[in-house]
K.L.:
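What follows is a single structure, and I will ask about it in a moment.
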Amino acid sequence: MSARIVSVNVGTPKTYTWLGRCLRSSIDKHPVRGPVQVLATRLAGDEQSDTQQHGGADKAVYAYSVEDYARWGDELGPSLDPGMFGENLTTEGLDLSTAAIGSRWHVDTAVLEVSEPRTPCWKLGMRMGDPAFPRAFAAARRPGVMLRVVAPGALQVGDAVDMREGQSRGVTAADVTAMYYGDPVDAAAVLATPQLAAHWRQWAAHRTVWHLDEERARGREGA
């Protein structure tokens, strides 16, 4: 199956009451038709509520696949609408977990680059009406990917996605996710991936130092 865009979804800030608190979020995304401009840090018509945690150069566009939607069908029901996971692009024909960090998507006149996997927060639980859902989402290891904009342009539903490895070093979104949740991963390879979002590389560096200190401490205890 050729890779393509099956839905383009945007949203704007809204106020919600969740778990007794009044909150602002833009996770409620809805499909739009026709060409959509891809700007430097977002899609036209899409706005972020919390710009410290969402959006920006490394999180300009979020993609989730219909294949991953299908895997949620037994738990959440088959009638999930595109944008339900807060994604901007709903894709078909791409295994997003194995997408290499630094691989580039040529979509019509826009060029996007895989920068990191998603980590779920309370807003996804609010969207699903289940405070525990972020934990289930994390455990499923189907995070989707964030993309930075290499070349602004335009895209729309039906556009083919020409994914090129470019200068990626083979580290995938699944590798970064696995490292985050404590699975054995080649931390040096993760750190050596320049296209990985800076905050992830900083986190990986701190984690590597912590593990080295822990191993040294165990070595001293066993001496």
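The first residue in the sequence is number 1, and the count goes up from there.
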K.L.:
With side chain to side chain donor-acceptor pair (under 3.5 Å) as the criterion, how do S26 and S49 come out once you've worked through the C-alpha distance, each side chain's angles and the decisive distance to 0.1 Å?
P.N.:
CA-CA 6 Å; S26 303; S49 302; 2.8 Å; yes
K.L.:
Is R127 positioned over the aromatic face of W18, cation under 6.0 angstrom from the ring centre and no more than 45 degrees off axis?
P.N.:
no
K.L.:
Under a 4.5 Å cut-off applied to non-hydrogen side-chain atoms, are N88 and V8 in contact?
P.N.:
no
K.L.:
How long is the span from the CG atom in L191 to the CH2 atom in W200, to the nearest 0.5 Å?
P.N.:
12.5 Å
K.L.:
Report, one line per pair, each donor and acceptor closer than 3.5 Å where one atom sits in a side chain of residues 31-43; sequence neighbours left out.
P.N.:
residue: R42; atom: NH1; partner: D46; partner atom: O; Å: 3.3

K.L.:
May I ask you to test the Y181-R141 pair for a side-chain heavy-atom distance under 4.5 Å?
P.N.:
yes
K.L.:
Please identify each residue that fulfils ring pair (Phe, Tyr, Trp, His ring centres under 6.0 Å) with Y62, with sequence neighbours left out.
P.N.:
none
K.L.:
Centroid separation under 6.0 Å, is that true for the rings of W72 and Y64?
P.N.:
no
K.L.:
Please tabulate, for side-chain N and O atoms in residues 145-156, each donor-acceptor pair with protein atoms closer than 3.5 Å (sequence neighbours left out).
P.N.:
residue: R148; atom: NE; partner: D58; partner atom: OD1; Å: 3.1
residue: R148; atom: NH1; partner: E113; partner atom: OE1; Å: 2.7
residue: R148; atom: NH1; partner: Q195; partner atom: O; Å: 2.7
residue: R148; atom: NH2; partner: D58; partner atom: OD1; Å: 2.8
residue: R148; atom: NH2; partner: Q195; partner atom: O; Å: 2.9

K.L.:
Tell me if a side-chain donor or acceptor on T91 pairs with a main-chain N or O of L94 at a distance below 3.5 Å.
P.N.:
no
K.L.:
In the structure I gave you, are the side-chain heavy atoms of M84 and Y69 within less than 4.5 Å of one another anywhere?
P.N.:
yes
K.L.:
Please round to the nearest 0.5 Å and tell me the distance separating atom OG1 of T172 and atom CG of L96.
P.N.:
11.5 Å
